[in-house]
Amino acid sequence: MRTLDHPEREDIDLDAVLAALADPIRRRIACELAEGHTDMACIAFELPVSKSTCTHHFRVLREAGVIRQRYQGTAILNSLRADDLQARFPGLLGAVIGAHRGADAGGPAEASSAHG
């Protein structure tokens with residue numbers, strides 16, 4: 001079975017997480033996963049970028065420890081590592097997702113329960 005490398009919870013680095021989530025496309029991916037869309041295939045996100053750019057964004061998120069990816073047949077399924085991020089950096093993911101949603105709505109950020 002093919003596997004992908006992921007950092008262990010204790011090895012997730014704050015700078016890497018912040019850099020990964022600094023990009024609006026990657027924040028959008030994290031937000032969609034936070035809304036309960038677990039185990040989503042990469043193609044299900046309908047992102048406004050090329051396939052190779054999508055692959056790059058998912059790799060950055062995985063290597064930073066924001067998402068977990070696993071193969072199912074030929075598809076790669078993605079899930080948010082909300083519990084790991086909450087354990088390492090309490091409140092960070094919820095704050096980022098809340099700010100992203102607030103920016104999308106054009107108003108103040110909403111409270112988020114993305115951490116679990």
Side-chain angles (χ1 to χ4, degrees):
M1 174 184 267
R2 296 177 4 184
T3 60
L4 297 160
D5 291 329
H6 299 84
E8 296 295 326
R9 175 186 282 189
E10 61 273 8
D11 295 329
I12 297 174
D13 178 71
L14 179 61
D15 290 335
V17 171
L18 292 174
L21 294 174
D23 183 276
I25 296 291
R26 294 192 288 264
R27 278 195 312 274
R28 178 175 163 181
I29 293 167
C31 285
E32 286 189 34
L33 290 170
E35 291 172 358
H37 301 287
T38 58
D39 287 338
M40 282 181 69
C42 298
I43 60 169
F45 286 87
E46 300 180 15
L47 300 172
V49 294
S50 70
K51 183 177 178 180
S52 64
T53 302
C54 281
T55 300
H56 167 75
H57 285 305
F58 283 100
R59 181 179 53 80
V60 169
L61 288 168
R62 176 177 47 81
E63 290 177 352
V66 176
I67 64 171
R68 183 166 303 282
Q69 294 185 301
R70 67 178 178 85
Y71 282 99
Q72 182 171 352
T74 59
I76 297 177
L77 301 182
N78 302 279
S79 59
L80 189 63
R81 293 181 66 180
D83 291 343
D84 290 337
L85 292 169
Q86 178 63 15
R88 290 283 292 146
F89 314 110
L92 175 67
L93 185 60
V96 169
I97 290 171
H100 181 82
R101 288 178 180 156
D104 281 352
E110 301 172 14
S112 173
S113 61
H115 55 79

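In this structure, OG1 in T55 is found 7.5 Å from CD1 in I76, a value given to the nearest 0.5 Å. Atom CD1 of residue I25 and atom OG1 of residue T53 lie 9.5 Å apart, to the nearest 0.5 angstrom. Rounding to the nearest 0.5 angstrom, the gap separating the NE2 atom in H56 from the CG atom in L61 is 9.0 Å. Distance check: L18 CG to F89 CZ gives 8.0 Å after rounding to the nearest 0.5 Å. Note that CG of L85 is 7.5 Å distant from CG of L21, once rounded to the nearest 0.5 Å.
Between G65 and R81, the closest heavy-atom pair is O-CD, 3.4 Å. The heavy-atom pair separating L33 from S79 by the smallest distance is CD1-C, 4.1 Å. The shortest non-hydrogen separation linking V49 to C54 is CG2-SG, 3.5 Å. Here the closest non-hydrogen pair linking A64 and A20 is CB-CB, 3.8 Å.
The backbone N or O of H6 sits nowhere less than 3.5 Å from a side-chain atom of E63 that would complete a donor-acceptor pair. Looking only at distances, a side-chain donor or acceptor of R88 sits under 3.5 Å from a matching main-chain atom of R9. Proximity of a side-chain donor or acceptor of R62 to a complementary backbone N or O of D5 within less than 3.5 Å is detected. A donor-acceptor pair is defined here as one N or O able to donate and one able to accept, closer than 3.5 Å; no such pair exists between the side chain of R70 and the backbone of N78. Remark: the backbone N or O of V60 is not paired with any side-chain donor or acceptor of R26 at under 3.5 angstrom.
Linking ILVMFWY side-chain heavy atoms closer than 4.5 Å, directly or via other members, places I67 and L47 in a single hydrophobic cluster. Grouping the Ile, Leu, Val, Met, Phe, Trp and Tyr side chains by contacts below 4.5 angstrom, directly or via other members, places I12 with L14.
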